[in-house]
Amino acid sequence: MNGDEAGPGLRCLVTGATGYIGGRLVPELLAAGHRVRCLARSPGKLRDHPWAGEVEVAAGDVTRPESVAEAMRGVDVAYYLVHALGTGSGFEDTDRTAARTFGEQARAAGVRRIVYLGGLTPVGVPERELSPHLRSRSEVGRILLDSGVPTTVLRAAVIIGSGSASFEMLRYLTERLPVMVTPRWVRTRTQPIAVRDVLRLLVGSARMPGEVNRAFDIGGPGVLTYREMMVRYAAIAGLPRRVVVPVPVLTPGLSSLWVGLVTPVPASLARPLTESLRHEVVCRERDIERYVPAPPGHPIGFDEAVRLALKRVRDAQVTTRWSSASPPGAPSDPLPTDPDWAGGSLYTDRRELTVHASREALWQVIEGIGGDNGWYSFPLAWAARGWLDRLAGGVGLCRGRRDAERLRVGDSLDFWRVEEVEPGHLLRLRAEMRLPGLAWLEMYAELDGRGRTRYRQRALFHPHGLLGHAYWWGVSPFHAIVFGGMARNIAKAAARTPSVPAPDDTTLR
(Lines give C-alpha, C1' and ligand atoms only; values in the text may rest on other atoms or scores of the structure.)
Protein backbone atom coordinates (compact mmCIF):
# COMPACT_ATOMS: atom_id res chain seq x y z
CA MET A 1 0.00 0.00 0.00
CA ASN A 2 1.31 3.44 -0.89
CA GLY A 3 2.09 5.54 2.19
CA ASP A 4 -0.05 8.47 1.12
CA GLU A 5 -3.23 6.50 0.46
CA ALA A 6 -5.97 6.83 3.06
CA GLY A 7 -6.72 3.12 3.00
CA PRO A 8 -7.21 0.55 5.75
CA GLY A 9 -5.54 1.11 9.08
CA LEU A 10 -1.82 0.54 9.38
CA ARG A 11 -0.12 -1.71 11.90
CA CYS A 12 1.85 0.59 14.18
CA LEU A 13 4.53 -0.26 16.73
CA VAL A 14 4.79 2.18 19.63
CA THR A 15 7.82 2.19 21.88
CA GLY A 16 7.65 4.21 25.09
CA ALA A 17 3.93 3.47 25.58
CA THR A 18 4.42 3.68 29.36
CA GLY A 19 5.71 7.24 28.99
CA TYR A 20 4.06 10.62 28.67
CA ILE A 21 3.77 10.94 24.86
CA GLY A 22 3.55 7.23 24.05
CA GLY A 23 0.71 6.66 26.50
CA ARG A 24 -1.31 9.41 24.78
CA LEU A 25 -0.36 8.45 21.24
CA VAL A 26 -1.75 4.91 21.47
CA PRO A 27 -5.45 5.91 21.84
CA GLU A 28 -5.02 8.54 19.10
CA LEU A 29 -3.72 5.89 16.69
CA LEU A 30 -6.58 3.57 17.59
CA ALA A 31 -9.09 6.38 17.03
CA ALA A 32 -7.54 6.93 13.57
CA GLY A 33 -8.30 3.31 12.69
CA HIS A 34 -4.79 1.89 13.06
CA ARG A 35 -3.82 -1.35 14.78
CA VAL A 36 -1.28 -0.93 17.57
CA ARG A 37 1.41 -3.07 19.11
CA CYS A 38 3.34 -1.75 22.11
CA LEU A 39 6.92 -2.72 22.98
CA ALA A 40 7.44 -2.42 26.74
CA ARG A 41 10.06 -3.61 29.20
CA SER A 42 7.33 -4.06 31.80
CA PRO A 43 4.11 -5.01 29.96
CA GLY A 44 2.19 -5.10 33.25
CA LYS A 45 2.38 -1.30 33.42
CA LEU A 46 0.02 -1.10 30.45
CA ARG A 47 -2.58 -3.44 31.91
CA ASP A 48 -4.85 -0.82 33.47
CA HIS A 49 -4.87 1.71 30.62
CA PRO A 50 -8.35 2.12 29.12
CA TRP A 51 -7.05 0.99 25.74
CA ALA A 52 -5.10 -2.05 26.99
CA GLY A 53 -7.58 -4.57 25.58
CA GLU A 54 -7.35 -3.03 22.10
CA VAL A 55 -3.60 -3.42 21.56
CA GLU A 56 -0.98 -6.12 21.31
CA VAL A 57 1.80 -5.94 23.88
CA ALA A 58 5.29 -7.29 23.22
CA ALA A 59 7.77 -7.62 26.07
CA GLY A 60 11.21 -6.34 25.22
CA ASP A 61 13.77 -3.57 25.17
CA VAL A 62 14.98 -1.36 22.31
CA THR A 63 18.58 -2.29 23.15
CA ARG A 64 17.92 -6.01 22.55
CA PRO A 65 17.87 -6.83 18.81
CA GLU A 66 15.94 -10.09 19.24
CA SER A 67 13.03 -8.47 21.08
CA VAL A 68 12.91 -5.54 18.63
CA ALA A 69 12.94 -7.96 15.67
CA GLU A 70 9.99 -9.87 17.09
CA ALA A 71 8.05 -6.68 17.82
CA MET A 72 8.69 -5.36 14.28
CA ARG A 73 7.16 -8.39 12.56
CA GLY A 74 4.33 -7.31 10.26
CA VAL A 75 4.63 -3.63 11.24
CA ASP A 76 4.02 -0.78 8.78
CA VAL A 77 5.00 2.21 10.95
CA ALA A 78 7.34 2.17 13.97
CA TYR A 79 7.27 5.01 16.51
CA TYR A 80 10.50 5.63 18.39
CA LEU A 81 9.61 7.49 21.60
CA VAL A 82 12.27 6.35 24.06
CA HIS A 83 15.55 7.76 25.30
CA ALA A 84 18.11 6.92 27.97
CA LEU A 85 18.33 10.43 29.43
CA GLY A 86 19.66 10.44 32.97
CA THR A 87 20.81 6.82 33.10
CA GLY A 88 24.34 7.99 33.76
CA SER A 89 27.31 9.45 31.93
CA GLY A 90 26.96 6.83 29.20
CA PHE A 91 23.38 7.68 28.22
CA GLU A 92 24.47 9.00 24.82
CA ASP A 93 26.10 5.64 24.03
CA THR A 94 22.92 3.85 25.11
CA ASP A 95 20.76 6.11 22.92
CA ARG A 96 23.12 5.60 19.99
CA THR A 97 23.08 1.81 20.31
CA ALA A 98 19.30 1.66 20.75
CA ALA A 99 18.65 3.86 17.71
CA ARG A 100 20.95 1.78 15.52
CA THR A 101 19.29 -1.42 16.70
CA PHE A 102 15.85 0.01 16.03
CA GLY A 103 16.77 1.21 12.53
CA GLU A 104 18.48 -2.05 11.58
CA GLN A 105 15.60 -4.20 12.74
CA ALA A 106 13.04 -1.93 11.07
CA ARG A 107 14.88 -2.27 7.76
CA ALA A 108 15.19 -6.05 8.14
CA ALA A 109 11.46 -6.36 8.91
CA GLY A 110 10.41 -4.27 5.91
CA VAL A 111 8.89 -1.49 8.02
CA ARG A 112 7.62 1.30 5.75
CA ARG A 113 8.23 4.27 8.03
CA ILE A 114 9.89 5.25 11.29
CA VAL A 115 8.51 8.25 13.20
CA TYR A 116 10.67 9.87 15.90
CA LEU A 117 9.96 12.77 18.25
CA GLY A 118 13.18 14.67 18.92
CA GLY A 119 14.21 18.10 20.16
CA LEU A 120 14.29 21.40 18.31
CA THR A 121 17.91 22.55 17.95
CA PRO A 122 19.18 26.15 17.74
CA VAL A 123 20.32 27.66 14.46
CA GLY A 124 24.05 28.20 14.00
CA VAL A 125 25.16 26.50 17.23
CA PRO A 126 27.79 23.75 16.72
CA GLU A 127 26.58 20.39 17.94
CA ARG A 128 29.46 20.13 20.41
CA GLU A 129 28.07 23.22 22.21
CA LEU A 130 24.59 21.77 22.63
CA SER A 131 23.47 20.24 25.90
CA PRO A 132 24.09 16.47 26.08
CA HIS A 133 20.30 16.02 25.97
CA LEU A 134 19.81 17.94 22.71
CA ARG A 135 23.01 16.56 21.20
CA SER A 136 21.84 13.00 21.76
CA ARG A 137 18.35 13.72 20.44
CA SER A 138 19.88 15.17 17.29
CA GLU A 139 22.19 12.19 16.82
CA VAL A 140 19.35 9.70 17.25
CA GLY A 141 17.41 11.52 14.53
CA ARG A 142 20.37 11.27 12.14
CA ILE A 143 20.84 7.57 12.85
CA LEU A 144 17.20 6.82 12.08
CA LEU A 145 17.26 8.96 8.93
CA ASP A 146 20.30 6.97 7.75
CA SER A 147 18.73 3.60 8.59
CA GLY A 148 17.47 2.87 5.09
CA VAL A 149 13.85 3.14 6.27
CA PRO A 150 11.92 6.32 5.32
CA THR A 151 11.88 8.34 8.53
CA THR A 152 9.99 11.32 9.86
CA VAL A 153 11.78 13.24 12.61
CA LEU A 154 9.59 15.76 14.42
CA ARG A 155 11.61 18.32 16.39
CA ALA A 156 9.77 20.09 19.20
CA ALA A 157 10.84 22.55 21.90
CA VAL A 158 8.65 23.06 24.99
CA ILE A 159 5.56 20.83 25.00
CA ILE A 160 2.56 22.31 26.83
CA GLY A 161 0.05 19.78 28.13
CA SER A 162 -1.33 18.51 31.41
CA GLY A 163 1.29 16.34 33.05
CA SER A 164 4.22 17.22 30.78
CA ALA A 165 7.50 17.96 32.55
CA SER A 166 7.75 21.35 30.81
CA PHE A 167 4.23 22.33 31.85
CA GLU A 168 4.67 21.11 35.43
CA MET A 169 7.90 23.08 35.73
CA LEU A 170 6.21 26.22 34.39
CA ARG A 171 3.13 25.70 36.53
CA TYR A 172 4.83 25.16 39.87
CA LEU A 173 7.46 27.84 39.40
CA THR A 174 4.75 30.38 38.62
CA GLU A 175 2.26 29.30 41.28
CA ARG A 176 4.70 28.92 44.15
CA LEU A 177 6.94 31.94 43.59
CA PRO A 178 5.25 35.36 43.35
CA VAL A 179 8.74 36.89 43.19
CA MET A 180 11.38 34.95 41.28
CA VAL A 181 15.12 35.47 41.03
CA THR A 182 15.77 33.53 37.86
CA PRO A 183 18.66 32.49 35.60
CA ARG A 184 19.36 34.14 32.25
CA TRP A 185 17.59 31.39 30.32
CA VAL A 186 14.20 32.90 31.19
CA ARG A 187 14.98 35.50 28.52
CA THR A 188 15.67 32.90 25.83
CA ARG A 189 13.09 32.73 23.05
CA THR A 190 11.41 29.41 22.39
CA GLN A 191 8.41 28.17 20.43
CA PRO A 192 6.11 26.09 22.65
CA ILE A 193 3.69 23.59 21.14
CA ALA A 194 0.48 22.11 22.55
CA VAL A 195 0.63 18.37 23.22
CA ARG A 196 -2.55 17.99 21.13
CA ASP A 197 -0.66 19.28 18.10
CA VAL A 198 2.28 16.99 18.80
CA LEU A 199 -0.07 13.99 18.85
CA ARG A 200 -1.89 15.17 15.72
CA LEU A 201 1.40 15.42 13.84
CA LEU A 202 2.66 12.07 15.10
CA VAL A 203 -0.50 10.33 13.92
CA GLY A 204 -0.49 12.18 10.58
CA SER A 205 3.14 11.26 9.95
CA ALA A 206 2.19 7.60 9.62
CA ARG A 207 0.84 8.17 6.10
CA MET A 208 3.61 10.33 4.65
CA PRO A 209 4.68 9.45 1.09
CA GLY A 210 7.43 6.87 0.90
CA GLU A 211 9.96 9.30 -0.58
CA VAL A 212 9.87 11.58 2.47
CA ASN A 213 12.91 11.06 4.67
CA ARG A 214 13.67 14.20 6.66
CA ALA A 215 13.30 16.22 9.85
CA PHE A 216 10.56 18.79 10.45
CA ASP A 217 10.48 21.63 12.96
CA ILE A 218 7.17 21.72 14.83
CA GLY A 219 5.88 24.47 17.11
CA GLY A 220 2.89 26.57 18.04
CA PRO A 221 1.98 29.88 16.42
CA GLY A 222 3.83 32.06 18.93
CA VAL A 223 7.46 32.67 19.93
CA LEU A 224 7.88 33.51 23.64
CA THR A 225 10.57 33.81 26.29
CA TYR A 226 10.23 31.66 29.39
CA ARG A 227 9.59 34.84 31.36
CA GLU A 228 6.69 35.72 29.06
CA MET A 229 5.29 32.22 29.48
CA MET A 230 5.35 32.58 33.27
CA VAL A 231 3.66 35.99 33.15
CA ARG A 232 0.97 34.71 30.78
CA TYR A 233 0.46 31.53 32.80
CA ALA A 234 -0.17 33.63 35.92
CA ALA A 235 -2.78 35.71 34.07
CA ILE A 236 -4.57 32.62 32.69
CA ALA A 237 -4.52 30.89 36.10
CA GLY A 238 -5.92 34.00 37.82
CA LEU A 239 -2.78 34.66 39.86
CA PRO A 240 -1.41 38.10 40.77
CA ARG A 241 1.22 39.35 38.34
CA ARG A 242 4.58 37.67 38.97
CA VAL A 243 7.81 39.60 39.43
CA VAL A 244 10.66 37.94 37.52
CA VAL A 245 14.23 39.16 38.11
CA PRO A 246 16.82 37.42 35.87
CA VAL A 247 20.39 37.19 37.22
CA PRO A 248 23.51 35.90 35.43
CA VAL A 249 24.91 33.73 38.21
CA LEU A 250 22.54 30.75 38.11
CA THR A 251 24.21 28.04 36.03
CA PRO A 252 22.20 25.14 34.55
CA GLY A 253 23.39 22.97 37.43
CA LEU A 254 22.26 25.44 40.09
CA SER A 255 19.08 26.12 38.13
CA SER A 256 18.20 22.42 38.09
CA LEU A 257 18.66 22.18 41.87
CA TRP A 258 16.46 25.25 42.31
CA VAL A 259 13.78 23.81 40.00
CA GLY A 260 14.05 20.48 41.81
CA LEU A 261 13.31 22.10 45.15
CA VAL A 262 10.39 24.23 43.96
CA THR A 263 8.64 21.87 41.51
CA PRO A 264 7.83 18.14 41.35
CA VAL A 265 10.37 17.78 38.53
CA PRO A 266 13.58 16.28 40.03
CA ALA A 267 16.93 17.89 39.37
CA SER A 268 17.99 14.96 37.17
CA LEU A 269 15.19 15.83 34.72
CA ALA A 270 15.20 19.59 35.31
CA ARG A 271 18.84 19.90 34.25
CA PRO A 272 18.39 18.79 30.63
CA LEU A 273 15.23 20.91 30.39
CA THR A 274 17.02 24.04 31.60
CA GLU A 275 20.17 23.32 29.58
CA SER A 276 18.00 23.12 26.48
CA LEU A 277 16.81 26.68 27.17
CA ARG A 278 20.29 28.20 26.95
CA HIS A 279 19.91 28.72 23.20
CA GLU A 280 17.04 30.13 21.20
CA VAL A 281 14.96 27.32 19.69
CA VAL A 282 12.53 28.61 17.08
CA CYS A 283 11.09 26.80 14.06
CA ARG A 284 12.94 27.53 10.82
CA GLU A 285 10.25 26.06 8.59
CA ARG A 286 6.67 24.77 8.67
CA ASP A 287 7.02 22.18 5.91
CA ILE A 288 5.17 19.61 8.00
CA GLU A 289 1.90 21.29 6.96
CA ARG A 290 2.45 20.14 3.36
CA TYR A 291 2.03 16.55 4.54
CA VAL A 292 -0.13 16.95 7.65
CA PRO A 293 -2.36 19.99 7.02
CA ALA A 294 -3.47 21.88 10.10
CA PRO A 295 -7.25 21.76 10.65
CA PRO A 296 -9.15 24.90 11.73
CA GLY A 297 -7.96 26.11 15.14
CA HIS A 298 -4.54 24.49 14.84
CA PRO A 299 -1.81 24.86 15.74
CA ILE A 300 -3.12 25.75 19.19
CA GLY A 301 -1.74 28.95 20.71
CA PHE A 302 0.10 29.08 24.04
CA ASP A 303 -2.77 30.63 26.01
CA GLU A 304 -5.30 28.08 24.81
CA ALA A 305 -2.85 25.21 25.43
CA VAL A 306 -2.43 26.38 29.04
CA ARG A 307 -6.22 26.68 29.49
CA LEU A 308 -6.74 23.16 28.19
CA ALA A 309 -3.98 21.78 30.41
CA LEU A 310 -5.30 23.52 33.52
CA LYS A 311 -8.81 22.23 32.84
CA ARG A 312 -7.44 18.68 32.64
CA VAL A 313 -5.60 19.15 35.93
CA ARG A 314 -8.63 20.65 37.70
CA ASP A 315 -10.99 17.99 36.33
CA ALA A 316 -8.55 15.21 37.37
CA GLN A 317 -8.35 13.97 33.78
CA VAL A 318 -4.57 13.80 33.37
CA THR A 319 -4.13 10.57 31.41
CA THR A 320 -0.31 10.44 31.50
CA ARG A 321 2.36 12.43 33.31
CA TRP A 322 6.10 13.01 32.91
CA SER A 323 6.51 10.54 35.80
CA SER A 324 4.57 7.80 33.95
CA ALA A 325 7.91 6.25 33.03
CA SER A 326 10.12 5.11 35.89
CA PRO A 327 13.05 7.43 36.63
CA PRO A 328 16.46 6.25 35.44
CA GLY A 329 18.04 3.84 37.88
CA ALA A 330 14.78 3.13 39.71
CA PRO A 331 14.46 -0.46 40.91
CA SER A 332 12.18 -2.58 38.78
CA ASP A 333 12.48 -6.03 40.36
CA PRO A 334 9.08 -7.55 41.20
CA LEU A 335 8.21 -8.46 44.75
CA PRO A 336 9.95 -11.74 45.64
CA THR A 337 7.69 -14.63 46.59
CA ASP A 338 10.40 -16.52 48.45
CA PRO A 339 11.58 -15.08 51.79
CA ASP A 340 15.05 -16.36 50.95
CA TRP A 341 14.95 -14.71 47.51
CA ALA A 342 18.38 -14.60 45.90
CA GLY A 343 19.79 -16.29 48.96
CA GLY A 344 19.48 -13.11 51.00
CA SER A 345 17.34 -11.54 53.67
CA LEU A 346 13.88 -10.12 53.26
CA TYR A 347 12.95 -7.98 56.25
CA THR A 348 9.23 -7.59 56.94
CA ASP A 349 7.11 -5.34 59.11
CA ARG A 350 3.52 -6.65 59.47
CA ARG A 351 0.44 -4.89 60.85
CA GLU A 352 -3.17 -6.10 61.06
CA LEU A 353 -6.29 -4.33 62.26
CA THR A 354 -9.97 -5.04 62.61
CA VAL A 355 -11.76 -2.09 61.05
CA HIS A 356 -15.26 -0.99 62.02
CA ALA A 357 -16.19 -0.02 58.49
CA SER A 358 -17.13 -1.73 55.27
CA ARG A 359 -14.47 -3.31 53.11
CA GLU A 360 -15.43 -0.84 50.37
CA ALA A 361 -14.82 2.13 52.68
CA LEU A 362 -11.43 0.73 53.66
CA TRP A 363 -10.45 0.23 50.04
CA GLN A 364 -11.47 3.80 49.23
CA VAL A 365 -8.97 5.05 51.80
CA ILE A 366 -6.23 2.67 50.63
CA GLU A 367 -6.60 3.65 46.98
CA GLY A 368 -6.64 7.34 47.90
CA ILE A 369 -3.35 7.27 49.82
CA GLY A 370 -0.49 9.63 49.01
CA GLY A 371 -0.49 12.95 47.19
CA ASP A 372 -2.62 15.55 48.98
CA ASN A 373 -4.04 12.88 51.33
CA GLY A 374 -0.59 12.05 52.72
CA TRP A 375 0.50 8.80 54.31
CA TYR A 376 -1.60 8.78 57.49
CA SER A 377 1.26 8.87 59.96
CA PHE A 378 3.93 11.22 61.28
CA PRO A 379 3.79 13.75 58.40
CA LEU A 380 7.05 15.38 59.51
CA ALA A 381 8.92 12.07 59.16
CA TRP A 382 7.51 11.46 55.69
CA ALA A 383 8.32 15.02 54.64
CA ALA A 384 11.87 14.73 55.99
CA ARG A 385 12.36 11.44 54.14
CA GLY A 386 11.10 13.09 50.96
CA TRP A 387 13.50 16.04 51.31
CA LEU A 388 16.42 13.73 52.02
CA ASP A 389 15.57 11.79 48.89
CA ARG A 390 15.47 15.00 46.81
CA LEU A 391 18.84 16.10 48.20
CA ALA A 392 20.25 12.69 47.24
CA GLY A 393 19.01 13.18 43.67
CA GLY A 394 15.85 11.10 44.06
CA VAL A 395 12.25 11.91 43.21
CA GLY A 396 11.08 12.77 46.74
CA LEU A 397 7.42 13.20 47.62
CA CYS A 398 6.68 15.91 45.06
CA ARG A 399 5.38 13.70 42.23
CA GLY A 400 2.02 13.27 43.93
CA ARG A 401 -0.67 11.34 42.08
CA ARG A 402 -1.94 11.23 38.51
CA ASP A 403 -5.55 10.83 39.70
CA ALA A 404 -6.89 11.83 43.11
CA GLU A 405 -9.09 8.74 43.48
CA ARG A 406 -7.98 5.93 41.18
CA LEU A 407 -4.67 4.14 40.77
CA ARG A 408 -3.46 1.89 38.00
CA VAL A 409 -0.42 -0.32 37.61
CA GLY A 410 2.61 1.79 36.67
CA ASP A 411 1.37 5.03 38.25
CA SER A 412 3.89 7.07 40.19
CA LEU A 413 2.73 7.81 43.73
CA ASP A 414 5.08 10.23 45.50
CA PHE A 415 8.29 8.23 45.82
CA TRP A 416 6.56 4.91 45.14
CA ARG A 417 5.45 3.16 41.95
CA VAL A 418 2.22 1.13 41.78
CA GLU A 419 3.32 -2.44 41.11
CA GLU A 420 -0.04 -4.19 41.56
CA VAL A 421 -3.67 -3.23 42.08
CA GLU A 422 -6.41 -5.76 42.78
CA PRO A 423 -9.45 -3.47 43.11
CA GLY A 424 -11.13 -3.80 46.45
CA HIS A 425 -8.37 -6.01 47.82
CA LEU A 426 -4.65 -5.22 47.28
CA LEU A 427 -2.41 -2.24 46.59
CA ARG A 428 1.30 -3.01 46.23
CA LEU A 429 3.82 -0.20 45.92
CA ARG A 430 7.52 -0.45 44.98
CA ALA A 431 9.85 2.17 46.41
CA GLU A 432 11.67 4.52 44.03
CA MET A 433 13.41 6.60 46.69
CA ARG A 434 17.17 6.24 47.10
CA LEU A 435 17.70 3.18 49.30
CA PRO A 436 20.47 0.64 49.91
CA GLY A 437 18.11 -2.11 48.77
CA LEU A 438 14.66 -2.80 47.35
CA ALA A 439 11.46 -2.00 49.25
CA TRP A 440 7.74 -2.62 48.87
CA LEU A 441 4.61 -1.62 50.77
CA GLU A 442 1.45 -3.73 50.59
CA MET A 443 -2.03 -2.79 51.83
CA TYR A 444 -4.95 -5.23 51.87
CA ALA A 445 -8.70 -4.84 52.48
CA GLU A 446 -10.07 -8.24 53.55
CA LEU A 447 -12.84 -9.98 55.44
CA ASP A 448 -12.05 -12.39 58.29
CA GLY A 449 -13.86 -15.64 59.06
CA ARG A 450 -16.56 -13.75 60.97
CA GLY A 451 -17.27 -11.32 58.14
CA ARG A 452 -15.45 -8.40 59.79
CA THR A 453 -13.32 -6.02 57.76
CA ARG A 454 -9.61 -6.53 58.22
CA TYR A 455 -6.77 -4.23 57.21
CA ARG A 456 -3.44 -5.95 56.56
CA GLN A 457 -0.20 -4.12 55.85
CA ARG A 458 3.29 -5.37 54.98
CA ALA A 459 6.47 -3.36 54.49
CA LEU A 460 9.24 -5.45 52.91
CA PHE A 461 12.91 -4.65 52.42
CA HIS A 462 15.60 -6.60 50.58
CA PRO A 463 18.96 -5.11 51.65
CA HIS A 464 21.94 -4.64 49.37
CA GLY A 465 25.12 -5.35 51.26
CA LEU A 466 26.05 -4.39 54.81
CA LEU A 467 24.75 -0.86 54.34
CA GLY A 468 21.30 -2.25 53.54
CA HIS A 469 21.21 -4.31 56.74
CA ALA A 470 22.43 -1.33 58.77
CA TYR A 471 19.74 0.85 57.20
CA TRP A 472 16.92 -1.53 58.19
CA TRP A 473 18.09 -1.91 61.78
CA GLY A 474 18.72 1.83 62.01
CA VAL A 475 15.14 2.74 61.05
CA SER A 476 13.32 -0.24 62.61
CA PRO A 477 12.87 1.52 66.02
CA PHE A 478 10.65 4.05 64.23
CA HIS A 479 8.45 1.47 62.52
CA ALA A 480 5.92 1.39 65.35
CA ILE A 481 5.39 5.12 64.88
CA VAL A 482 5.47 5.22 61.08
CA PHE A 483 3.94 1.91 60.01
CA GLY A 484 1.90 1.28 63.14
CA GLY A 485 0.52 4.81 63.02
CA MET A 486 -0.27 4.41 59.34
CA ALA A 487 -2.32 1.27 59.95
CA ARG A 488 -4.29 2.80 62.82
CA ASN A 489 -4.99 6.04 60.97
CA ILE A 490 -6.06 4.27 57.77
CA ALA A 491 -8.53 2.24 59.84
CA LYS A 492 -9.85 5.39 61.51
CA ALA A 493 -10.15 7.19 58.18
CA ALA A 494 -12.15 4.27 56.75
CA ALA A 495 -14.50 4.43 59.74
CA ARG A 496 -15.06 8.14 59.10
CA THR A 497 -15.89 7.64 55.44
CA PRO A 498 -19.40 9.03 54.70
CA SER A 499 -22.26 6.52 54.97
CA VAL A 500 -20.08 4.18 57.02
CA PRO A 501 -21.06 3.85 60.73
CA ALA A 502 -18.47 5.35 63.04
CA PRO A 503 -16.69 2.74 65.20
CA ASP A 504 -16.42 2.67 68.94
CA ASP A 505 -12.79 1.64 68.75
CA THR A 506 -10.19 -0.03 66.59
CA THR A 507 -8.60 -3.26 67.67
CA LEU A 508 -4.89 -3.76 67.01
CA ARG A 509 -3.55 -7.26 66.66
For residues Y80 and A99, report the shortest heavy-atom separation together with the two atoms involved. OH-N, 3.4 Å
Run the salt-bridge test on R417 and D411 with the 4.0 Å N-O cut-off and return the result as yes or no. no
Before you tell me yes or no, could you show the steps for R113 and T152 under side chain to side chain donor-acceptor pair (under 3.5 Å), namely the whole-Å CA-CA distance, both residues' side-chain angles and the distance that decides it to 0.1 Å? CA-CA 7 Å; R113 177 158 301 279; T152 301; 2.9 Å; yes
Minimum-distance pair of heavy atoms, taken over all atoms of A309 and S162: CB-N, 3.4 Å
Excluding sequence neighbours, so at least two apart, what forms salt bridge (charged side-chain N to carboxylate O under 4.0 Å, His left out) with E56? R11, R37
With rounding to the nearest 0.5 angstrom, report the CE to CZ distance, M230 to R227. 8.0 Å
Give, for atom CG of L202 and atom CZ of R24, the distance between the pair rounded to the nearest 0.5 Å. 13.0 Å
Do S67 and D61 have side-chain atoms, one donor and one acceptor, less than 3.5 Å apart? no
Identify whether the distance between the nearest side-chain nitrogen and carboxylate oxygen of R399 and E432 falls below 4.0 Å. yes
Flag the pair D403 and R406 as a salt bridge only when some basic side-chain nitrogen lies within less than 4.0 angstrom of an acidic carboxylate oxygen. no
Sidechain N-carboxylate O distance under 4.0 Å for R187, E280: no
For E367 and L407, indicate whether the former's side chain and the latter's backbone hold a donor-acceptor pair under 3.5 Å. yes
Checking the side chain of D197 only, and the main-chain atoms of I300 only, is there a donor and an acceptor separated by less than 3.5 Å? yes
Hey, what do you get for CG (D217) to CZ (R155), rounding to the nearest 0.5 Å? 4.5 Å
P299 versus I193: any side-chain heavy-atom pair under 4.5 Å? no
Stepwise, does the salt bridge (Lys or Arg N to Asp or Glu O under 4.0 Å) test hold for R428 with E420? CA-CA 5 Å; R428 179 183 299 136; E420 182 59 85; 5.0 Å; no
Could you tell me the separation between the CG atom of L145 and the CZ atom of R214, rounded to the nearest 0.5 Å? 10.0 Å
Decide yes or no for R135 and T121: does some side-chain heavy atom of the first lie under 4.5 Å from some side-chain heavy atom of the second? no
Keeping the roles fixed (side chain from D48, backbone from V409), state whether a donor-acceptor pair exists under 3.5 Å. yes
Between CG of D287 and CD1 of I218, what distance do you get to the nearest 0.5 Å? 13.0 Å
When you measure from the side chain of E228 to the backbone N and O of T225, does any donor-acceptor pair fall under 3.5 Å? yes
How long is the gap from CD1 on I160 to CD on E304, to the nearest 0.5 Å? 13.0 Å
For a 4.5 angstrom cut-off between non-hydrogen side-chain atoms, does Y233 reach L239? yes
Nearest heavy atoms of S205 and I288, plus distance in Å: OG-CD1, 4.4 Å
Scan residues 285-318 for pairs that pass ring-ring contact (aromatic ring centres under 6.0 Å, His included), counting only residues two or more places apart or in two chains. F216-Y291
Donor-acceptor pair, side chain of T18 and main chain of K45, under 3.5 angstrom: no
Any donor-acceptor N/O pair, S164 side chain to F167 backbone, under 3.5 Å: yes
Using a strict threshold of under 4.0 Å (side-chain N to carboxylate O), is an ion pair present between R107 and E104? no
Return yes if some donor-acceptor pair links the side-chain N/O of S147 with the main-chain N/O of V149 below 3.5 Å, else return no. yes
